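Have a look at the structure below, then the notes.
Proteins come first, then strands; the chains are lettered A, B, ... in the order of their sequence lines, and each starts at number 1. What you see is a predicted model, and the numbers here were worked out from it, not measured in a lab. Heavy atoms only: backbone and side chains are in, while hydrogens, waters and symmetry mates are out.
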Protein chains: 2
Amino acid sequence: MRAKKTNTEIRKEQILLAALKIIGLQGVNALSIVGVAEKVGIVPSALYRHFSSKEEILDGILDLMREKVLKNVQQARLKKHNALARLEFIMMRHLALLKESRALPLILLSDAMYLGTSARLSKIQEILESYLSALSAILKEGMEEGSIRADIVPESTAIMFLGMILPAAVLVNVQAPFFNLESHAANVWPAFVRSIAVIN
Amino acid sequence: MRAKKTNTEIRKEQILLAALKIIGLQGVNALSIVGVAEKVGIVPSALYRHFSSKEEILDGILDLMREKVLKNVQQARLKKHNALARLEFIMMRHLALLKESRALPLILLSDAMYLGTSARLSKIQEILESYLSALSAILKEGMEEGSIRADIVPESTAIMFLGMILPAAVLVNVQAPFFNLESHAANVWPAFVRSIAVIN
DNA sequence: TATAATAGTGAATAGCGATTCACTATTCTA
DNA sequence: TAGAATAGTGAATCGCTATTCACTATTATA
């Protein structure tokens, strides 16, 4: 049966979401045009009405990811009002993101992603850099506030912050249901605080 | 011209090393039988005299990686005699490993790896688990020694330790020559120590 | 409502990559 | 040194996947 004719804007969204689901379940390499089309409910060739190539779909997914990640950072700024609270908020949100879909880490870690066009590599660079520099900015503010030690290196500390999330992502992938994100967060956060906070 | 007839044991090694180089340069997905055969200097079909399938090559590579990683841990036990020194040694060795070849992280993070056979998934689980439990063991010893705080959770701390290395691996891949592993180590290690060491 | 624009279809193509196989050359060993 | 193993070769196959295209159905618009 023929699929209902649907506006490109909507189909584009559907396609990206379908692709995201597939990636979350089976990784970037398992992403195929046929698979995506099936999930959307159209025929593979119809997909080319909305995206001119598979590459373009991957680019679109990266844009989605950028939004999700940076939105968390903005939210932290709005909802929390000191450096440590903001960082904790971001950490919790990111771990939650992991639970919701494994797609994000699979994408950022996939060789398929940064071995494609060089345009895609720079897109990934940009996402990582803006994320890390947002973290650095929060850290610097904390240093000025006096809540964060003056002798840390913000850039490296931002990477350590990532270090609470990335390994969790890997373990979620590998140990599947046995790895407990909540207790990971509960154990790891105080240790991180200890290494950067000023002692009262 | 015909390749010299060479003993299987030697060829197996050559094949695994060639595969490793390709992975380090271009990722797991770029690994092809043709590519490996070319690098070894034989014809693709000849490869099947030594490995019955591509899967078997991937398995072989995992075994290599297990050795490399666990050797570092053993060396640490031999050469250093307290928990913190051992951990620092392992960290430095692993960062050095990253410089030598980007293959290891690309393998452990590749969806291609753990979306293959379930046998391979359990192999990866085993490597990760034995690595993490070796770290935990060192941490526990440190707690008994009195050099490491009694209120940390060894298992989570082991994951945080990984958190110094994994993000570095990603940044090496993404930012290529601009990311400085040495200064990363220099900045990150004292912060880690601060979060786990007993203050004198 | 006529018609232009838009979206969907199915068949065909093209290329790549893993694997098989019959055959040949080389090495080992009895 | 003869013959059995062993390793290498090139051609062929097979399946998978992205992409194209001519055609059709549907929607929007003038």
Side-chain angles (χ1 to χ4, degrees), chain A residues 1-23 25-62 110-113 115-117 119-120, chain B residues 1-23 25-62 110-113 115-117 119-120:
Chain A
M1 156 205 49
R2 180 174 266 251
K4 261 171 285 177
K5 189 173 174 181
T6 307
N7 180 7
T8 284
E9 296 311 313
I10 296 172
R11 274 279 134 94
K12 272 188 177 163
E13 266 196 55
Q14 293 177 342
I15 289 169
L16 289 179
L17 289 180
L20 215 54
K21 268 187 196 158
I22 292 174
I23 291 177
L25 251 37
Q26 314 182 56
V28 178
N29 304 306
L31 188 72
S32 74
I33 297 288
V34 180
V36 174
E38 227 163 48
K39 230 184 182 58
V40 173
I42 56 180
V43 110
S45 57
L47 218 144
Y48 287 83
R49 296 270 170 237
H50 313 292
F51 288 92
S52 71
S53 68
K54 191 183 172 181
E55 302 277 294
E56 212 174 283
I57 295 177
L58 291 177
D59 285 342
I61 287 178
L62 267 188
S110 158
D111 46 12
M113 269 318 207
L115 293 163
T117 60
R120 188 146 52 244
Chain B
M1 152 206 52
R2 181 173 266 251
K4 262 171 283 178
K5 189 174 175 180
T6 307
N7 179 10
T8 284
E9 297 310 314
I10 296 172
R11 274 279 133 95
K12 272 188 177 162
E13 266 195 54
Q14 294 177 341
I15 289 170
L16 289 179
L17 289 181
L20 213 55
K21 266 187 198 160
I22 292 175
I23 291 177
L25 250 37
Q26 314 183 56
V28 177
N29 304 305
L31 188 72
S32 74
I33 298 289
V34 180
V36 174
E38 225 163 51
K39 234 186 178 54
V40 173
I42 57 180
V43 112
S45 56
L47 218 145
Y48 288 83
R49 295 272 170 235
H50 313 291
F51 288 91
S52 70
S53 67
K54 191 182 170 181
E55 303 276 296
E56 213 175 280
I57 296 178
L58 291 177
D59 286 342
I61 287 179
L62 267 188
S110 158
D111 46 10
M113 268 320 208
L115 293 164
T117 62
R120 188 149 50 244

Any idea which of C:dT9, D:dT9, C:dA7 is nearest the B:A46 side chain?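 For B:A46, the side-chain atoms sit closest to D:dT9.
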
Whole angstrom is fine here: how far is it from [atom1] in [X] over to [atom2] in [N]?
{"X": "A:L47", "N": "C:dG10", "atom1": "CG", "atom2": "C1'", "result": "15 Å"}
{"X": "A:H50", "N": "C:dA5", "atom1": "NE2", "atom2": "C1'", "result": "14 Å"}
{"X": "A:N29", "N": "D:dC16", "atom1": "CG", "atom2": "P", "result": "17 Å"}
{"X": "A:N7", "N": "C:dA5", "atom1": "CG", "atom2": "P", "result": "17 Å"}
{"X": "B:R11", "N": "D:dA5", "atom1": "CZ", "atom2": "C1'", "result": "17 Å"}
{"X": "B:I10", "N": "D:dG8", "atom1": "CD1", "atom2": "C1'", "result": "16 Å"}
{"X": "B:I42", "N": "D:dT9", "atom1": "CD1", "atom2": "P", "result": "7 Å"}

Find every protein N or O atom lying less than 3.5 Å from an N or O atom of nucleotides 18-28 of chain D, and list the pairs.
| unit_1 | atom_1 | unit_2 | atom_2 | d |
| --- | --- | --- | --- | --- |
| D:dA18 | OP1 | A:K54 | NZ | 3.0 |
| D:dA18 | OP2 | A:I33 | N | 2.8 |
| D:dT19 | OP2 | A:Y48 | OH | 2.9 |
| D:dT19 | OP2 | A:K54 | N | 3.0 |
| D:dT19 | O5' | A:Y48 | OH | 3.4 |
| D:dT26 | O2 | A:K5 | NZ | 2.5 |

Nearest-0.5 Å distance, CD1 of residue A:I23 to CD1 of residue A:I57: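 Interatomic distance, A:I23 CD1 to A:I57 CD1, rounded to 0.5 Å: 9.5 Å.
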
Identify, residue by residue, the members of residues 13-20 of chain A with a heavy atom below 4.0 Å from DNA chain D, and return them in order of residue number, or none.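 None - not one residue of the stretch has a heavy atom sitting under 4.0 Å from the strand.
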
Please list every donor-acceptor pair under 3.5 Å in which a side-chain atom of residues 11-19 of chain B meets a protein atom from a residue at least two apart or in another chain.
| unit_1 | atom_1 | unit_2 | atom_2 | d |
| --- | --- | --- | --- | --- |
| B:R11 | NE | B:Q14 | OE1 | 2.7 |
| B:R11 | NH2 | B:T6 | OG1 | 3.4 |

Validation: residues 38-48 of chain B side-chain donor-acceptor distances under 3.5 Å, sequence neighbours left out:
none

Does A:N29 have any side-chain contact (heavy atoms from CB on, under 4.5 Å) partners at least two apart in sequence or in another chain, and if so, which?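 side-chain contact (heavy atoms from CB on, under 4.5 Å) list for A:N29, sorted by chain: A:A112, B:N29, B:D111, B:A112.
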
Go through the structure and list residues passing side-chain hydrogen bond (donor to acceptor under 3.5 Å, both in side chains) with A:D59, not counting sequence neighbours.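 In terms of side-chain hydrogen bond (donor to acceptor under 3.5 Å, both in side chains), with neighbours along the sequence ignored, A:D59 is linked to A:R120.
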
Can you find a pair of side-chain heavy atoms, one from B:L58 and one from B:L31, that are under 4.5 Å apart?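 Result yes, sub-4.5 Å side-chain heavy-atom pair found.
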
